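Naming: A, B, ... by sequence-line order, numbering from 1 per chain. For clarity, every value in this text was computed on a predicted model and none was experimentally measured. Hydrogens, waters and symmetry mates play no part in the numbers below; they use all other heavy atoms, side chains included.
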Number of protein chains: 2
Amino acid sequence: MSVLKRYERGEEIYAQGSKGGRLPKVCSGAAIIYALLEDGRRQIVDLAGPGDFLHFEFDGELDHAAEALCGTEIVEVSGDSAFSDPDLCALLVEQMRMRLAQERRHVTMLGRKTAQERLADFLDEVARCLGCPPGYIDLPMTRQQVADYTGLTLETVSRIFSRWSREGRLRKIGPTSYARGDHPLPIAA
Amino acid sequence: MSVLKRYERGEEIYAQGSKGGRLPKVCSGAAIIYALLEDGRRQIVDLAGPGDFLHFEFDGELDHAAEALCGTEIVEVSGDSAFSDPDLCALLVEQMRMRLAQERRHVTMLGRKTAQERLADFLDEVARCLGCPPGYIDLPMTRQQVADYTGLTLETVSRIFSRWSREGRLRKIGPTSYARGDHPLPIAA
DNA sequence: CGAACGATTGACGAAACTCAAGTAGTGTGG
DNA sequence: CCACACTACTTGAGTTTCGTCAATCGTTCG
């Protein structure tokens, strides 16, 4: 049995501290997964696009929250028979491996890269995750959300995007869309 | 069929770019998992203690390397029958969920915490991962390795540990062991 | 129109990095 | 046992990058 739900931009899909249960998977749209510290600092730990699971917690408490970036359909997969169904099991392991690899790239980015490198990596990640055509990036995120993904402040994000625009590396072509310019982004992964 | 191998301190367990295959699991000792950038910057993405798998790649290329922190025994688990064996499958999913949760905490630490908070979190993580008794920490890592885990420089790590010693928060009680002092570490998770 | 929200830009400050020098430890060979 | 080499660690001075605070601008929507 699976349940399909729709969330609008900014809507919370589940809260930090809520219980697991059925596994939510993105059908269409996009979501961010984030952790909140007690003092309000926020870190976005992952981006999820179509086909991505948001978590894998059957029965524990969730240590992070999820929120829709745009109109997003979520299907909830029952995990009851997971381990006796080889196909489902293989799917889960494959999905988890991809999330794990992405988190490890994220750790490397945050631990060892400069602000510019982080943003270049971030744009690549968004394009990959949301399936944008090469050279174009649909970015349905505020500067604050970009900052919370890259571990920067919104001012730093804004400054670097502005600089890249001036230098012809990035062009705004719509409210949420950008095109890569003639000059390459510095040191993109 | 499983193979048991032993590695000494500093020995490479596998290299970045090598092939997956059987899944390596720590039996005793401890290992670090890290990524290298082309220009030599290094980020340690995970710590593995007894019971932890190092990766879950049956047949892809590994995007990270692993190295023993001390004398360490590794058993390699064959994944051939993984998906048809419900028990093994459940074990894998459980293990991957724990690694994933840890990476997400690591991302939050690197993206949104100060140097002091990172080191406090790091010490907790080491204690948990290597199973140290409460209040004591066995730290078989150089300052450079600590820096590569926390996204800092070795000088910053050294300065903060020195300060904590002066302030009675941390005491060195052996070549690789420390005790928490009377004063708590600032803002440990 | 005007309120609300997001984005941009500037001036300034602080946390952490870089470079450099010097100090333990640890192991080795005489 | 001592001299040495080697590595890890500590500490200081100066610099850089990025964060903070604040003002302004642009858009959207009621």
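Looking at heavy atoms from C-beta onward, B:Q116 lies in side-chain contact with B:R163 at the 4.5 angstrom threshold. At a threshold of 4.5 Å between non-hydrogen side-chain atoms, the residues A:Y178 and A:L123 do not count as touching.
Following rounding to the nearest Å, B:F161 (CZ) and D:dT10 (C1') show an atom-to-atom distance of 13 Å. Look at NZ on B:K172: it is 13 Å from P on C:dA24, rounded to the nearest Å. Between the CH2 atom of A:W164 and the C1' atom of C:dT8 there is a distance of 17 Å, given to the nearest Å. For the pair A:L154 CG and D:dC21 P, the interatomic distance rounds to 13 Å; values are reported in whole Å. At whole-Å resolution of the value, CG in B:D148 and P in D:dA8 are 12 Å apart. For the pair A:R118 CZ and D:dT17 C1', the computed distance is 11 Å after rounding to whole Å. The separation between A:I160 atom CD1 and D:dT16 atom P is 17 Å, rounded to whole Å. If you take CG of B:L152 and C1' of C:dC17, they are 10 Å apart, rounded to a whole angstrom.
Side chain of A:A115, nearest nucleotide from C:dA11, D:dC18, C:dA16: D:dC18. Of the candidates C:dT8, C:dG6, D:dC9, C:dG6 carries the atom nearest the A:T142 side chain, counting heavy atoms from C-beta on. The nucleotide whose nearest atom lies closest to any side-chain atom of A:R159 is, among C:dC17, C:dT9, D:dC9, C:dT9. Minimum atom distance to the side chain of A:T153 is reached by D:dT20, of the listed C:dG6, D:dT20, D:dC18.
Of the N and O atoms on the side chains of A:T176 and A:D138, at least one donor lies less than 3.5 Å from an acceptor on the other residue.
The CZ atom of A:R118 sits 10.5 Å away from atom CZ of A:R112, with the distance rounded to the nearest 0.5 Å.
The base of C:dT8 has none of its N or O atoms less than 3.5 Å from a complementary donor or acceptor on the side chain of A:R166. For A:Q144 against C:dC5, no side-chain N or O and base N or O form a donor-acceptor pair under 3.5 Å. A donor and an acceptor atom sit less than 3.5 Å apart, one in the side chain of A:E155 and one in the base of D:dC21.
Counting non-hydrogen atoms under 4.0 angstrom, B:S158 reaches a base of the nucleic acid.
B:Y34 carries B:R42 over the face of its six-membered ring, with the cationic atom under 6.0 Å from the centre and within 45° of the normal.
Taking side-chain N and O atoms only, B:R143 has a distance below 4.0 Å to OP1 or OP2 of D:dT10.
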